[in-house]
There are 2 protein chains.
Amino acid sequence: MIRLLADPLRAQIIALLADGPACTCHLVEDTGAKQPNISNHLRLLRDAGLVVAEPHGRFTYYRLVPEALETAAGHLTDLARRARARSDAPRKC
Amino acid sequence: MIRLLADPLRAQIIALLADGPACTCHLVEDTGAKQPNISNHLRLLRDAGLVVAEPHGRFTYYRLVPEALETAAGHLTDLARRARARSDAPRKC
DNA sequence: ATTTGATATCAGCACGAGATGATGTAATCA
DNA sequence: TGATTACATCATCTCGTGCTGATATCAAAT
């Protein structure tokens, strides 16, 4: 799921959504990317549970799911913790 | 830098290194990937400061840098925190 | 000194992911 | 109803990135 955070445009979308829910047109305007492109990325983020879509009339608001980001963060923190704990246990060749 | 954690093979390398420092041959053996491939990935991880190389004779031990992972984790946690704080401030269309 | 083994580097290729244009759908407004 | 707006989906193309084979380097072993 961290894989999704790698793409620059997706990272920008997530950063924008961190400032509060926004609809597709906002993201298109702010990023300068074409609308189908944004929609494609939003679909991936939605499928991964990183964002949720909230239809409001003909607008679709997208909202970040903090828990998903925290799960990813926890994964990285755990790797760091394990690395520290086993830092003095190199494998033998 | 999170970009580097996206690739599956690099993620596997990092997971292996979280169990303690290991040399290239270990990673080649454990992942089943070809040696030049592993070396290429290690180079990228090294350039990004995610791992450090420690030459021991003709072996090269690689060690995870926990601080780098924690920095990435902190970035994600911060995004989650901001998203929570501004969750009820949707932009107007 | 020669060989062997571990690793790094380089050039070329192949494949997949992102970008785009065209089109479809649904909701609002005239 | 027809027109317009916001968004989603589809087909296609391009281009970057990872993978590989060949080769170079350097250290230990013989």
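This is a predicted model, so every value here is computed, not measured. In what follows, every chain begins at residue 1, and chains take the letters A, B, ... in the order their sequences are listed.
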**OP:** Examine D:dT9: is either OP1 or OP2 under 4.0 Å from a nitrogen or oxygen in the side chain of A:S39? Give yes or no.
**Re:** no
Original post:
Within this structure, what is the OH-to-C1' distance between A:Y61 and C:dA27, rounded to whole angstrom?
Top reply: 15 Å
Subject >> Minimum side-chain heavy-atom gap B:V51-B:R63 below 4.5 Å >> reply: no
**OP:** Sequence neighbours left out, what passes ring-ring contact (aromatic ring centres under 6.0 Å, His included) with A:Y61? Give chain and number order.
**Re:** A:H56
Original post:
Do the side chains of B:H26 and A:C93 get nearer than 4.5 Å, heavy atoms only?
Top reply: yes
Original post:
To the nearest angstrom, how far is A:F59 atom CZ from C:dT25 atom C1'?
Top reply: 16 Å
Original post:
Is B:C93 touching bases, backbone alone, or none of the nucleic acid, heavy atoms closer than 4.0 Å?
Top reply: nothing
**OP:** Please tell me if the side chains of B:L79 and A:L17 come closer than 4.5 Å, counting only heavy atoms from C-beta onward.
**Re:** no
Original post:
Whole-Å distance between D:dC7 C1' and A:R43 CZ?
Top reply: 13 Å
Original post:
OP1 or OP2 of C:dA17 sitting under 4.0 Å from any side-chain N/O of A:R10?
Top reply: no
Subject >> Atom-to-atom span, OH of B:Y62 to C1' of C:dA6 - whole angstrom >> reply: 11 Å
Subject >> Between C:dT9 (P) and B:R46 (CZ): distance, integer Å >> reply: 6 Å
**OP:** Could you tell me whether the side chain of B:K34 reaches within less than 4.5 Å of the side chain of B:V28, counting heavy atoms only?
**Re:** no
Original post:
Expressed in angstrom and rounded to an integer, what is the separation of B:L5 atom CG from D:dG18 atom P?
Top reply: 12 Å
Original post:
Which residue lies toward the 5' end of DNA chain C, A:L44 or B:H26, if each is placed at its nearest nucleotide?
Top reply: B:H26
Original post:
Can you give one letter per nucleotide of nucleotides 19-24 of chain D, 5' to 3': B if a protein heavy atom sits under 4.0 Å from the base, S if only from the sugar-phosphate, - if neither?
Top reply: SBBB--
**OP:** From the options D:dT9, D:dA29, D:dC7, select the nucleotide whose nearest atom is closest to the side chain of B:R58.
**Re:** D:dA29
Subject >> Side chains of B:R46 and B:Y62 in contact at under 4.5 Å (non-hydrogen atoms) >> reply: yes
Subject >> B:V65 vs B:L50 side-chain heavy atoms within contact, under 4.5 Å >> reply: no
